[in-house]
Amino acid sequence: MSDASVATNAPLTPSGPVFQLNERRQAALARIDRAPFSWFHVKVWIVAGVGFFTDAYDIFAIGNAALMLGTVYGTTVSHQDNHALAPAVDFGLKVAAPLGNLFGQLIFGWLADVVGRKRMYGVELIMMVISTFAQAMAGQGPAVNIIGVITAWRFLLGIGVGGDYPLSAIIVSEFAATRSRGRLMTAVFASQGWGNLTASLVALIVLAAYKTSIIADGLDNPVSMDRCWRLLIGLGCVPGVFALYLRLTVPETPRFTMDVERNIKLAVRNIQAVLSLNGVHPGVWRVDEELSEQRVDVPRPTLRDFTRYFRRWKNLKMLIGAAYSWFALDIAFYGLGLNTSKVLTSSFLSAINIGRPVAVNTSTGSFDNAFNLAIFSLLISGSSLVPGYWASFVFIDSWGRRPIQLMGFSVLSVLFLLMGFGYNTLTASVAGTRVFVFIYCLANFFQNFGPNVTTFVYPGELFPTRYRSTAHGISAASGKLGAVVAQSVFFVNGNAIQLILRIMGFIMISGILSTLLLPETKGKSLEQLSNESQKGFVRGSYLNSSQIKEKYQYHAQAQIHSNSVMALSYDEQSKPLGHLCSVFALVCAFVATIPLLRFRFRALLSLYHLFRKIQRVIADGGGRILYQ
């Protein structure tokens, strides 16, 4: 029988040396890494995937909704004669969610490492559901600008969506087996493609349903178009409501429980739950039931430890590589995804036989423009985005993350430079315009069969458990900073499409260089990728005072007179003094409430706090004793 098997089958008690605790930790995590694919993994995929489906739907639906909002409020709110949103208003509406993403990714990424993945999982989804519903119910008033209200709610939506990135990525990563971790994380992220596709499909359905009413209403009273954008946005909260209960029932990851909460028993119970669903008999893992709060002594997540870890170049370069790669990718991904109507105007759509250029000063023209954009968004999603995600799913655990990311950035740099420098030539004829549209679709494909997937996967694998979510949040926030930059460029100089495409091409080249900072993660455990030695990772363990009294009797040795050793029972010595401190503290608290002199009040209150501290020290009984 192997050492790992012995460690696995042995009861988890603190009676053995430290190296046994360390081996048992490694054996427990190895069971997760080698677990066969099961219904539990499917559940994790569904729970996390529905969230990303909702994320993409809510973020990218605004591309179609913005045209509808322009038809309804372009004149009254944006003061535009052509029934379109003013550039500044359109910019604010589209940049609000990515900006909220940035804050949400940083905040929730940090909180998931501090208070736990499970405790935060579901909070971000509640924010998404509430803010989405609030957008659909927003109204106009003399003192309220409806576009401003929607923009504010989209910022809050962005915070929730941003929090979903590190939480879902880390939970999936820490529950997945090593050999299928890449595919499981990609399957979750690929739900974005379906969300994008569904947003375009819903836009088509609601426009088709209200077509007659939209044309009949005219531009002076566009009630039906107002209903269309509200339905399009509001339906985005439906999948979130169904996923909320499942998210609240997901257990804490064993890695966080063991390495951050330092609770051996709870970690093993979580592993038991996973293994039982994988067909492994839970009885393989035996825990001493009396040791309900056994804690291991492992590196703690502190600011000093964070600085020490990332001060080393081998760790810092991984964070730089992951963060900048995501930044570079999202400049192109969100730059194109939220500005398709600016890059591909009605003449481009006419070249591929999608609608005809129609003036926007009529209700028919407004409908046709919104409908044409929805058709083309559906075409992009179905032919480029969704296939790209699932191409990555097929190859990510065989090719590896690094080759896919290098390939994606390389192909994207060529495609963007080709579109940028060949823009005039390609758009001079109908045949050339069709080639341009094909290259545009190809670029969307290689964004997803490339860095859009791997930049999500990489930071969920590279860092130690205590900083994994924080680092993922930093990397994802860097990406959303790129999205904000892209929207700012389109706002400042949105007509210079050639220049923007050329700049994107050179940024893709810089993404190749940042990818070279990243290692290959295929086939390696999360502990191997943490750049920390696992030998001696557990330095010891300790028990709380109740366990000391129940399981072991610790005796303080006192040298009396002739150096004789006298065993002092912890239970006998601590209880009377503890009770005395409790009574005195209560008396101080009672007397302090009497309206006496301020000095006496403060003095008694200080004594109260002092004796409460003494009581806690005695109650703890020196329980934090390390087994060295």
Side-chain angles (χ1 to χ4, degrees), residues 26 29-38 41-42 44-45 48-49 165-166 168-192 253 255 274 278 314-315 317-326 328-329 387-412 446-465 467-469 471-472 475-476 479 511-534:
Q26 295 182 40
L29 296 177
R31 281 300 183 107
I32 294 291
D33 290 336
R34 296 194 301 265
F37 191 79
S38 70
H41 294 108
V42 175
V44 171
W45 167 58
Y165 275 71
S168 291
I170 301 309
I171 286 176
V172 173
S173 173
E174 293 180 353
F175 272 124
T178 300
R179 64 180 177 275
S180 60
R181 187 176 61 236
R183 288 196 298 272
L184 190 58
M185 294 182 72
T186 302
V188 170
F189 198 60
S191 301
Q192 276 197 338
T253 67
R255 283 181 164 90
V274 177
N278 291 338
K314 66 176 182 179
N315 301 326
K317 72 176 184 179
M318 295 193 304
L319 183 59
I320 293 174
Y324 183 81
S325 297
W326 208 330
L329 180 276
Y389 282 116
W390 292 102
S392 292
F393 173 84
V394 172
F395 294 106
I396 194 166
D397 279 325
S398 55
W399 288 10
R401 289 65 157 157
R402 203 165 185 243
I404 291 178
Q405 185 160 310
L406 285 171
M407 175 199 68
F409 273 128
S410 300
V411 174
L412 287 173
F446 278 102
Q447 282 178 340
N448 293 306
F449 184 30
N452 192 35
V453 168
T454 53
T455 52
F456 172 79
V457 173
Y458 254 130
E461 299 179 311
L462 287 176
F463 307 99
T465 301
Y467 301 129
R468 187 171 293 127
S469 183
H472 196 286
S475 302
I512 298 174
L513 301 178
S514 63
T515 302
L516 298 178
L517 297 174
L518 299 171
E520 178 52 60
T521 61
K522 178 187 69 174
K524 297 180 181 179
S525 70
L526 298 180
E527 285 64 44
Q528 289 176 298
L529 296 169
S530 68
N531 275 344
E532 288 187 320
S533 174
Q534 298 303 298

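Bear in mind the structure is a predicted one, so any value in this text is a computation, not a measurement. Numbering of residues begins at 1 and proceeds along the displayed sequence.
To the nearest 0.5 Å, atom CG of residue Leu526 and atom OG1 of residue Thr465 are 7.0 Å apart. Expressed to the nearest 0.5 Å, how far OG of Ser325 lies from CD1 of Ile512 amounts to 10.5 Å. With rounding to the nearest 0.5 angstrom, the CG atom of Leu329 is 4.5 Å from the OG1 atom of Thr455. In this structure, Leu319 CG and Leu518 CG are separated by 10.0 Å, a value rounded to the nearest 0.5 Å. From Leu516, atom CG reaches atom CG of Leu406 across 6.0 Å, with rounding to the nearest 0.5 Å.
The minimum heavy-atom distance between Ala322 and Ser475, with the atom names listed, is CB-OG, 3.7 Å. In plain terms, the two heavy atoms of Pro451 and Gln405 that are nearest each other are CB-CG, 4.1 Å. Taking each heavy atom of Gly523 and Thr178 in turn, the nearest pair found is C-CG2, 3.5 Å. Heavy-atom minimum distance, Gln192 versus Tyr165: NE2-OH, 2.8 Å. For the residue pair Leu529 and Glu461, the shortest heavy atom distance occurs at CB-O, 3.4 Å. For Ser530 against Asn315, the heavy-atom pair with the smallest separation is O-OD1, 4.3 Å.
Side chains of Ile396 and Arg401 form a contact here, defined as non-hydrogen atoms less than 4.5 Å apart. Looking only at side-chain heavy atoms (C-beta outward), Lys522 and Trp399 stay at 4.5 Å or farther from each other. Between Leu517 and Met318, the closest side-chain pair of non-hydrogen atoms is not below 4.5 Å. Contact annotation: the side chain of Phe449 approaches that of Phe395 to within less than 4.5 Å [non-hydrogen atoms, C-beta and beyond]. Counting heavy atoms from C-beta outward, Asn531 and Leu462 have side chains that stay 4.5 Å or more apart. Put simply, the side chain of Arg402 does not reach to within 4.5 Å of the side chain of Thr521, judged on heavy atoms.
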* Verify side chain to side chain contact (heavy atoms under 4.5 Å, CB included) between Val453 and Phe393, making sure each step is shown before the conclusion. => CA-CA 9 Å; Val453 168; Phe393 173 84; over 6 Å; no
* Asked: What do the steps show when you test Trp326 against His472 for side chain to side chain contact (heavy atoms under 4.5 Å, CB included), and what is the final call?
  -> CA-CA 11 Å; Trp326 208 330; His472 196 286; 3.8 Å; yes
Enumerate donor-acceptor pairs with a distance under 3.5 Å from any side-chain N or O in residues 182-191 to protein atoms, sequence neighbours excluded.
residue, atom, partner, partner atom, Å
Thr186, OG1, Gly182, O, 2.7
Ser191, OG, Gly49, O, 3.4
Ser191, OG, Val188, O, 3.2

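With sequence neighbours left out, Phe463 forms a ring pair (Phe, Tyr, Trp, His ring centres under 6.0 Å) with Phe310.
Ser392 places a side-chain N or O within 3.5 Å of a backbone atom of Asn448 that can act as its donor or acceptor partner. At least one donor-acceptor pair closer than 3.5 Å links the side chain of Ser173 to the backbone N or O of Gly460. In this structure a side-chain-to-backbone donor-acceptor pair under 3.5 Å is missing from Tyr324 to Thr515. Put simply, the side chain of His41 never gets that close to the backbone of Val172: no donor and acceptor are under 3.5 Å apart.
Classification of Glu527 and Arg255 as a salt-bridged pair holds, one side-chain N sitting under 4.0 Å from a carboxylate O.
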